[in-house]
Amino acid sequence: MATIERIELRMVDLVPKVKRTDAIQSFVSQETPIVTITDSDGASGTGYSYTIGTGGSSVMRLLVDHLAPRVVGRDAERIEAIWHELEFVTHATTIGAITAIALAAIDTALWDLRARRQGLPLWKLAGGAREKCPLYTTEGGWLHIETEALVEDAVAAKAKGFVGSKVKIGRPHGSEDLARLSAVRKAVGEGYEIMTDANQGFGLDEAIRRAERLRDIDLAWIEEPLAADDIDGHMRLNARSSTPIAVGESLYSIRHFREYMQKGACSVVQVDVGRIGGITPWLKVAHAAEAFDMPVCPHFLMELHVSLVCAVQNGKYVEYIPQLDDLTGRRMTIADGYAHAPEDPGIGIDWDWDAVRGRSVEEFTREIRR
């Protein structure tokens, strides 16, 4: 039995490569906790998660003071037991983003370690449904971008073979959103998906109004139209809207997803490894969604989600937002608009450790040994 001997903790603060704005916020920083777990046989695995600019120091304190010390000495293969123990000892702070982000970094490292020890890529270890999956892009659809540039980006993405483009909505008046999306639809024609994302920016009445106004655009979905914890509102909106409603980016528990699916409050599941607490709960949500005939189109983390979308039968799309270019050597393989699952053992991320160490925040760099 290989036991966990050492855990290395780091945090890298990344600056997004493009300006990212939506209906409620702007992204200026991406704090990235990185956890490397080494077992008594010398094998190691690395996991990570992220914030959108705040809370990284709290995540790291939770890892250093409470979570990582409990993992040292444990059997590295008992991922399910470890995840539930860590969730239980933090029950006073669960359920929420800080705890989920910390759990995700440890859980992903354990899955990376398991896959490496078994000599399998994550997508095969977790199910192996397909070798590649289609991409849609968000990088050219942020809310501050003018209509002409939105159109140019969507046309270019279509030419590259991408399946669709996401455009942020939530301009002061619905007519502005309609004009922007109408211009994109006219340029790309039928058959190219247009996703939209409101980032929780509407109340129920306004969400119903805008969904009706946008109906003829034939959108793939409207993402996070309401506050993420407004299940009743999502039920009412989903019943009124002919456009699918997508949720998941801001849900932190498998039980939250269960309620949304059971109550008909969504049509697309966007479970995010970094927000749900790791690969262990991610797979549970994805399999539950299959039982409801719902597709899984996870939010963000494309370098990790490509393996998980390829692992499950109902994995549909991966969202193209490059995150780790400054910290990795080999990049995610993209050909003709498809993301190809990595074949190397592990989660498939080629960390550039010189870059990681060089950009780590010294205050949060720790090593915990048995």
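In this text the structure is predicted, and so the values were computed from the model without any measurement. Note that these values count all heavy atoms, side chains included, but never hydrogens, waters or copies made by symmetry.
When atom types are taken as modelled, the side chain of Arg330 and the backbone of Gly348 share no donor-acceptor pair closer than 3.5 angstrom. A donor-acceptor contact shorter than 3.5 Å links the side chain of His305 to the backbone of Phe300. Without hydrogens or angle criteria, Asp272 side chain to Pro298 main chain gives no donor-acceptor distance under 3.5 Å. Under the 3.5 Å distance criterion, the side-chain polar atoms of Arg10 are left unmatched by any main-chain donor or acceptor of Ile34. Asp352 places no side-chain N or O within 3.5 Å of a backbone atom of Gly329 that could act as its donor or acceptor partner. One N or O on the side chain of Ser253 and one on the backbone of Arg255 form a donor-acceptor pair closer than 3.5 Å. When atom types are taken as modelled, the side chain of His66 and the backbone of Leu62 share no donor-acceptor pair closer than 3.5 angstrom.
Clustering ILVMFWY residues whenever any of their side-chain heavy atoms sit less than 4.5 angstrom apart, transitively, puts Ile245 in the very cluster that holds Met294. Hydrophobic clustering (ILVMFWY, side-chain heavy atoms < 4.5 Å, transitive): Leu304 and Leu113 are in one cluster. In the hydrophobic clustering of ILVMFWY residues, with side-chain heavy atoms under 4.5 Å counting as a link, Val306 and Phe162 come out together. The cluster map of Ile, Leu, Val, Met, Phe, Trp and Tyr, joined by side-chain heavy atoms under 4.5 Å apart, puts Ile101 and Ile82 in the same cluster. Hydrophobic clustering, with ILVMFWY side chains joined whenever heavy atoms are under 4.5 angstrom apart, keeps Trp123 apart from Leu308.
Atoms CZ and CG, on Arg70 and Leu86 in that order, are 8.0 Å from each other to the nearest 0.5 Å. Considering CG of Leu14 and CG of Asp325, their distance stands at 10.0 Å, rounded to 0.5 Å. Note that CD1 of Ile79 is 12.0 Å distant from CD1 of Ile106, once rounded to the nearest 0.5 Å. Atom OG1 of residue Thr36 and atom CD1 of residue Ile7 lie 10.0 Å apart, to the nearest 0.5 angstrom. To the nearest 0.5 Å, atom NZ of residue Lys263 and atom CG of residue Asp232 are 8.5 Å apart. Atom CZ of Arg213 and atom CG of Asp177 lie 9.0 Å apart (nearest 0.5 Å).
In terms of heavy-atom proximity, Pro225 sits nearest to Leu237 at CG-CD2, 3.4 Å. Minimum interatomic distance between Ala286 and Val296 (heavy atoms only, all atoms of both residues): CA-CG2, 3.9 Å. Taking each heavy atom of Ala68 and Leu9 in turn, the nearest pair found is CB-CD1, 4.1 Å. For Cys297 against Lys316, the heavy-atom pair with the smallest separation is SG-CB, 3.7 Å. When all heavy atoms of Thr137 and Ala157 are compared, the closest pair comes out as CG2-CB, 3.7 Å. Taking each heavy atom of Pro121 and Pro342 in turn, the nearest pair found is CB-O, 3.2 Å.
Ion pair Arg114/Glu77 flagged as a salt bridge, since at least one NZ, NE, NH1 or NH2 atom sits closer than 4.0 Å to an Asp/Glu carboxylate oxygen. Taking a cutoff of 4.0 Å between a charged side-chain nitrogen and a carboxylate oxygen, Glu212 and Arg240 do not qualify as a salt bridge. Ion pairing of Arg20 with Glu139 is present here, as a side-chain N (NZ or NE/NH1/NH2) and a carboxylate O approach within less than 4.0 Å. One finds no salt bridge joining Arg6 and Asp39 here, because no Lys/Arg side-chain nitrogen approaches an Asp/Glu carboxylate oxygen to under 4.0 Å. Taking the charged nitrogens against the carboxylate oxygens, Lys168 and Asp197 do have a contact shorter than 4.0 Å, which makes a salt bridge. In summary, Arg210 and Glu206 engage in a salt bridge, as defined by a charged side-chain N under 4.0 Å from a carboxylate O. Contact check on Arg78 versus Glu80 returns no salt bridge, with no Lys/Arg side-chain nitrogen under 4.0 Å from an Asp/Glu carboxylate oxygen. One finds no salt bridge joining Arg116 and Asp344 here, because no Lys/Arg side-chain nitrogen approaches an Asp/Glu carboxylate oxygen to under 4.0 Å. Between Asp350 and Arg331 there is no salt bridge, since none of the side-chain N atoms of the basic residue sits less than 4.0 Å from a carboxylate O of the acidic one.
Between Gln30 and Thr32 the shortest side-chain heavy-atom distance falls below 4.5 Å. Residues Val247 and Leu251 have side chains in contact (heavy-atom distance under 4.5 Å, counting atoms from C-beta outward).
For the 3.5 Å distance criterion, the side chains of Asp112 and Thr46 fail to qualify, holding no donor opposite an acceptor. The closest side-chain donor-acceptor pair between Asp13 and Ser29 falls under 3.5 angstrom. Under the 3.5 Å distance criterion, with hydrogens and angles disregarded, a donor-acceptor pair is assigned to the side chains of Arg275 and Tyr50. Under 3.5 Å, the side chains of Tyr192 and Ser165 contain a donor-acceptor pair of N or O atoms. Side-chain contact check for Thr328 and Glu303: no donor-acceptor pair (N or O, by modelled atom type) lies under 3.5 Å. Judged purely by distance below 3.5 Å, without hydrogens or angles, the side chains of Thr38 and Glu5 never pair a donor atom with an acceptor atom. Counted by atom type alone, Glu31 and Thr51 present one or more donor-acceptor pairs between their side chains at under 3.5 Å. For Arg74 and Thr3, the side-chain atoms include no donor-acceptor pair closer than 3.5 Å. Looking only at atom types and distance, the side chain of Glu87 has no donor-acceptor partner in the side chain of His91 under 3.5 Å away. In summary, the side chains of His144 and Thr21 do present a donor paired with an acceptor at a separation below 3.5 Å, with no hydrogens or angles considered. With hydrogens and angles left out, the side-chain atoms of Glu223 and Thr196 include no donor and acceptor closer than 3.5 Å.
Atom CZ of Arg130 is surrounded by more than 12 heavy atoms from other residues, nucleotides or ligands within 6.0 Å. The neighbour count for Asp336 CG, taken as heavy atoms of other residues, nucleotides or ligands under 6.0 Å away, does not exceed 12. The local environment of OH in Tyr252 is crowded, with over 12 non-hydrogen atoms from other residues, nucleotides or ligands closer than 6.0 Å.
Aromatic pair Tyr48/Trp111: centroids not less than 6.0 angstrom apart. The six-membered or imidazole ring of Tyr136 lies away from that of Tyr320, with a centre-to-centre distance of 6.0 Å or more.
Of the residues listed (Ser307, Pro134, Cys133), the one engaging Val318 in a side-chain contact (heavy atoms from CB on, under 4.5 Å) is Cys133, and it is the only one.
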I'd like to know whether Glu343 forms a salt bridge (Lys or Arg N to Asp or Glu O under 4.0 Å) with Lys124, so could you lay out the CA-CA distance, the side-chain angles of the two residues, the decisive distance to 0.1 Å, and finally the verdict. CA-CA 9 Å; Glu343 287 293 344; Lys124 288 184 178 179; 3.7 Å; yes
